[in-house]
Amino acid sequence: MSDQISPRARFATDLAEYRKAAKMTQTTLASRIRCHESLISHVETGRRAPTLEIAENADRVFGLDGHFAALFTKISQSPALGWFARWVEEIEPRAVILQSWDPLLIPGILQTPDYARAIFQTTSTPEQVNERVQARTSRIAIFDGSSPPTFTALIDEGVLHRPIGGSKVLTAQLRYLLEMAHHPRITIQLVPTAAGCVPGMMSAFGLARLRDGSEVVSTDSVLSGQVTADHDAVARIKQRYDSIRADAQPKSATQQTIEDAIKKWTR
């Protein structure tokens, strides 16, 4: 039976079993892992995917030799995740600074399940959709850890007016985006349509500075994606990011623009 369930389901089951065997409540485990109690509950019920930090801390708390870390690796290396598994597994959980540029969609880490599902339904088989939606939306959990990164998301204003999934799905997504814009570790800035053809209109990309000071970039395109720490590639993407951000609205103006878009879609 154990070989027939997914690594994520095994992680959830094992976490609950090790916790109960140690006679710990979810509150106690959360305290020792240094995360919110609700996150432990969500992981054990399968509503949230575990983070690398949770896996490593669970191994530490229960005195295990990489059991949960190995399960996390299997979760992140699911074939449905493709090249992005490396970014999710190795980069985001270890980042101290994250930056992204998205000219066509809400950034993946800030997407609601319904918004993400509407995107994946156009390119994925039914069997892949749920897994990809979960993999994408669970990434927000990195902000629940003891040392979350700072994140600056640059988004083209036109994204607010592209009804991915229909008006109701987009409205819910914009409300969630506005909520996350008030998160103390997240900065969201819109690049106004009036800025014209800013650098980077052809593709989304992300940058990360890791705890050891190294820098990594990810680029996405229709056919493929890439994660690289190549110095020249990082330098080019950083220069492009700075150029795009020069045209971006400040936080307060961005929040007002999002509110205006919500009013438009709820008329």
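The basis for the numbers below is simple: all heavy atoms, side chains too, and nothing from hydrogens, waters or symmetry mates. What you are looking at is a predicted structure, and each value in this text was computed from that prediction instead of being measured.
- With hydrogens and angles ignored, the 3.5 Å screen pairs no side-chain donor or acceptor of Ser31 with any backbone N or O of Thr27.
- Atom CD1 of Ile97 and atom OG1 of Thr150 lie 5.0 Å apart (nearest 0.5 Å).
- Here the shortest heavy-atom pairing between Leu177 and Ile106 reads CD2-CD1, 3.8 Å.
- The shortest non-hydrogen separation linking Ile142 to Glu92 is CD1-O, 4.3 Å.
- Here the CD atom belonging to Gln26 is positioned 8.5 Å from the CG atom belonging to Leu15, to the nearest 0.5 angstrom.
- Within the 3.5 Å criterion, the main-chain N or O of Pro148 finds a donor-acceptor partner in the side chain of Arg185.
- Of all heavy-atom pairs between Ala95 and Leu210, the closest is CA-CD2, 3.9 Å.
- Using modelled atom types, one side-chain atom of Arg19 and one backbone atom of Met24 make a donor-acceptor pair closer than 3.5 Å.
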ask   = Given the rule in the side-chain contact (heavy atoms from CB on, under 4.5 Å) test, do Ile119 and Arg136 qualify, once you have shown the distances and angles that lead to the verdict?
value = CA-CA 11 Å; Ile119 295 169; Arg136 173 162 292 184; 4.2 Å; yes
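- The line from NE2 of His161 to CG of Leu174 is 8.5 Å long, rounded to the nearest 0.5 Å.
- Pairs engaging residues 144-156 under the salt bridge (charged side-chain N to carboxylate O under 4.0 Å, His left out) rule: Arg48-Asp144 [sequence neighbours left out].
- The residues Asp242 and Arg245 are annotated as not salt-bridged, no charged nitrogen and carboxylate oxygen being separated by less than 4.0 angstrom.
- Cluster membership check: Leu105 does not share its hydrophobic cluster with Val133, using side-chain heavy-atom separations under 4.5 Å among Ile, Leu, Val, Met, Phe, Trp and Tyr.
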request  = Take Thr152 and Gln189 through the side-chain contact (heavy atoms from CB on, under 4.5 Å) test and state the conclusion after the steps.
outcome  = CA-CA 8 Å; Thr152 301; Gln189 293 180 264; 4.0 Å; yes
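- Taking CD1 of Ile258 as the reference point, atom CD1 of Ile155 lies at 6.5 Å (rounded to 0.5 Å).
- Residue pairs satisfying the salt bridge (charged side-chain N to carboxylate O under 4.0 Å, His left out) criterion with at least one member in residues 52-68, sequence neighbours excluded, are listed as follows: Glu56-Arg94.
- Within the 3.5 Å criterion, the main-chain N or O of Leu190 finds a donor-acceptor partner in the side chain of Thr254.
- Between Glu37 and Leu29 there is no side-chain heavy-atom pair separated by less than 4.5 Å.
- We find the CD-CG distance between Glu44 and Leu39 to be 10.0 Å, quoted to the nearest 0.5 Å.
- Ile140 is listed as a side-chain neighbour of Leu110, based on a closest heavy-atom distance under 4.5 Å.
- Linking Ile, Leu, Val, Met, Phe, Trp and Tyr residues whenever their side-chain heavy atoms come within less than 4.5 Å places Val169 and Leu178 in a single cluster.
- Side-chain contact check for Phe205 versus Val217: every heavy-atom pair is 4.5 Å or farther apart.
- Taking the side chain as every heavy atom from C-beta outward, Phe143 and Pro149 approach each other to under 4.5 Å.
- When all heavy atoms of Ala195 and Asp247 are compared, the pair lying nearest together is CB-CB, 3.9 Å.
- Heavy-atom contacts from other residues, nucleotides or ligands closer than 6.0 Å to CD of Gln239 number 12 or fewer.
- For the pair His183 (side chain) and Glu179 (backbone), a donor-acceptor distance under 3.5 Å is absent.
- Summarising the local packing, NZ of Lys264 is surrounded by more than 12 heavy atoms from other residues, nucleotides or ligands at distances under 6.0 Å.
- Around atom NE2 of His36, no more than 12 heavy atoms belonging to other residues, nucleotides or ligands sit under 6.0 Å away.
- Evaluation of the side chain to side chain donor-acceptor pair (under 3.5 Å) rule for Asp102 yields no partner, not counting sequence neighbours.
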task = Show the numbers, then the answer: is there a side-chain contact (heavy atoms from CB on, under 4.5 Å) between Arg10 and Thr13?
result = CA-CA 5 Å; Arg10 172 52 56 197; Thr13 299; 3.8 Å; yes
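- Taking every heavy atom of both residues into account, Leu160 and Trp265 meet most closely at O-NE1, 2.9 Å.
- The aromatic rings of Phe62 and Phe68 sit tilted, their planes meeting at an angle between 30° and 60°.
- Scanning both residues, Ser147 and Arg211, for their nearest heavy atoms gives OG-NH2, 4.4 Å.
- Using a 4.5 Å heavy-atom cutoff, the side chains of Thr51 and Pro93 are not in contact.
- The closest side-chain donor-acceptor pair between Thr257 and Gln249 falls under 3.5 angstrom.
- The distance from atom CD1 of Ile237 to atom CD of Glu215, rounded to the nearest 0.5 Å, is 12.0 Å.
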task = I would like to know whether Thr112 and Asp114 meet side-chain hydrogen bond (donor to acceptor under 3.5 Å, both in side chains); could you show each step before the answer?
result = CA-CA 6 Å; Thr112 64; Asp114 287 341; 5.8 Å; no
request  = Kindly determine whether Lys238 and Gln99 satisfy side-chain contact (heavy atoms from CB on, under 4.5 Å), including the steps that lead there.
outcome  = CA-CA 9 Å; Lys238 288 177 67 176; Gln99 298 171 304; 5.6 Å; no
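- Between Thr187 and Lys251, some side-chain heavy-atom pair lies under the 4.5 Å cut-off.
- Below 30°, between 30° and 60°, or above 60°: for Tyr18 and His67 the angle between ring planes is between 30° and 60°, a tilted geometry.
- You'll find the ring centres of Phe11 and Phe72 outside the 6.0 Å limit.
- If you chain together hydrophobic residues whose side chains sit under 4.5 Å apart, Ile164 and Met180 fall into the same group.
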